[in-house]
A.B. asks: 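Let me give you the structure first, and then I'll get to my questions.
Computed over heavy atoms, backbone and side chain alike; hydrogens, waters and symmetry mates excluded. Below, chain A is the first sequence line, B the second, and so on; all start at residue 1.
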Number of protein chains: 2
Amino acid sequence: KSIESLFEQRQDHFLIPAEIVANVQETNHLDHAFLVLTKIKYSKIPVLDNEQHFKGLLSLSMIAETMLGMNGIDPSTLPRHQVREIMQTDVPTIELPYDIEEILHLLVDQPFLVVVDKDQIFTGIVTRREIMKGFNYTAHE
Amino acid sequence: KSIESLFEQRQDHFLIPAEIVANVQETNHLDHAFLVLTKIKYSKIPVLDNEQHFKGLLSLSMIAETMLGMNGIDPSTLPRHQVREIMQTDVPTIELPYDIEEILHLLVDQPFLVVVDKDQIFTGIVTRREIMKGFNYTAHE
Ligand SMILES: Nc1ncnc2c1ncn2[C@@H]1O[C@@H]2COP(=O)(O)O[C@H]3[C@@H](O)[C@H](n4cnc5c(N)ncnc54)O[C@@H]3COP(=O)(O)O[C@H]2[C@H]1O
Ligand SMILES: Nc1ncnc2c1ncn2[C@@H]1O[C@@H]2COP(=O)(O)O[C@H]3[C@@H](O)[C@H](n4cnc5c(N)ncnc54)O[C@@H]3COP(=O)(O)O[C@H]2[C@H]1O
């Protein structure tokens, strides 16, 4: 079980804290969200409410899908709709303290994991990149 | 060095072959590429030429960036520009046979690696997901 134990030593380094995770509000309109996602270039980001609760995930393709219709690529509907209408809500979340086996298992299908506290307040994310760095450390032992 | 050796046993399973990797042509126009990326939902895909050579990578945010201007979100310029004008070209590529240490190192910063042959013909991709599956296998030993 040496992989797990090596990770346990580095646990506190995996979390990217909420303060530096780009996000949008569930009540933002889609034109605003389009601008944010285009500028920051992250492919998928958390959606929060006005009390920092985690609500879902949003990507540019979810917004772009609403622009496809009878009139080609049409952005005119974006100001009339909110993030919460189209965001992805079936999202696994984890809480501290980590269960490294659960993290490794979930990161097979998720590029990042959303960390919340017991009240669903958004705490941060754990990314595949942080785990991959850990493997490079382990592999060089 | 047991991590490397466990991976070497599974080498042939990592490659996602070119035939099932979504891609666009460098001469496609951006409105077409916008549709493709919106529909397939992969966040970044390879760009090829008409002889299957790897040319670069394209994401929806690269296209969306061209739509931001004086007139809000404007799709009217998309039919007049080609993928090759905006694609990302500083992309690391690897060749078979794999060097697993190189793969683990590059996958820290790349969600997937582009595999080409010696003539730059696109062969497939190696994804973080395939490596994460390998780790789960290893961790359960
Ligand atoms: N500005 C940047 N600086 C340096 N490297 C960058 C970067 N943007 C992307 N990358 C690299 O590309 C990978 C995929 O990014 P993506 O945005 O598709 O997918 C990201 C994104 O959806 C989310 N994410 C990561 N950091 C974030 C942040 N600070 N705010 C919001 N979302 C974040 O987690 C996913 C996985 O991230 P991970 O770090 O494992 O993997 C990242 C990282 O290795
Ligand atoms: N249709 C789908 N079915 C099942 N799972 C899906 C999926 N679309 C996305 N995922 C999951 O989300 C991860 C990130 O996908 P993304 O499109 O941002 O980032 C992808 C995408 O940019 C590219 N990619 C993967 N497979 C591809 C394919 N068949 N064609 C084109 N690009 C692909 O490699 C990146 C990393 O892929 P990876 O598999 O490691 O990681 C994938 C996978 O775990």
A.B. asks: For A/L68, which atoms come within 4.5 Å of any heavy atom of chain B: side chain, backbone, both, or neither?
C.D. replies: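 For A/L68, the side chain is the part near chain B, not the backbone.
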
A.B. asks: Using heavy atoms and a sub-4.5 Å threshold, report which of residues 21-32 of chain A line up against chain B, by residue number.
C.D. replies: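 Near chain B, by residue number: A/D31.
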
A.B. asks: I need the A/K133 NZ to B/H105 NE2 distance, nearest 0.5 Å.
C.D. replies: 12.5 Å

A.B. asks: Would you kindly confirm whether A/I121 and A/V126 end up in one hydrophobic cluster when ILVMFWY residues are joined by side chain heavy atoms under 4.5 Å apart?
C.D. replies: no

A.B. asks: Could you please spell out the steps behind the side-chain contact (heavy atoms from CB on, under 4.5 Å) verdict for A/M132 and B/I131?
C.D. replies: CA-CA 9 Å; A/M132 295 295 307; B/I131 298 296; 4.2 Å; yes

A.B. asks: Between A/K44 and chain B, which part of the residue has a heavy atom less than 4.5 Å away: side chain, backbone, both or neither?
C.D. replies: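 Neither part.
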
A.B. asks: Would you compute the distance between atom CG of A/L60 and atom NZ of B/K41 and round it to the nearest 0.5 angstrom?
C.D. replies: 12.0 Å

A.B. asks: In Å, rounded to the nearest 0.5 Å, how long is the span from CD of A/Q110 to CZ of B/R129?
C.D. replies: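 It is 10.5 Å, given to the nearest 0.5 Å.
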
A.B. asks: Can you tell which part of B/I40 gets under 4.5 Å to a heavy atom of chain A, answering side chain, backbone, both or neither?
C.D. replies: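 No part of it gets close to chain A.
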
A.B. asks: So if you build clusters from Ile, Leu, Val, Met, Phe, Trp, Tyr with side-chain heavy-atom gaps below 4.5 Å, do A/V116 and A/F112 land together?
C.D. replies: yes

A.B. asks: Return the OG to OH distance between A/S43 and B/Y42, rounded to the nearest 0.5 Å.
C.D. replies: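 It comes to 13.5 Å.
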
A.B. asks: Measure distances from B/I73 to the heavy atoms of chain A and classify the residue's part below 4.5 Å as side chain, backbone, both or neither.
C.D. replies: both

A.B. asks: Check whether A/M62 gets within reach of chain B through its side chain, its backbone, both or neither, counting any heavy atom under 4.5 Å.
C.D. replies: neither

A.B. asks: Give a yes or no answer on whether the side chain of A/N136 reaches the backbone of B/V108 with a donor-acceptor pair at less than 3.5 Å.
C.D. replies: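 No.
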
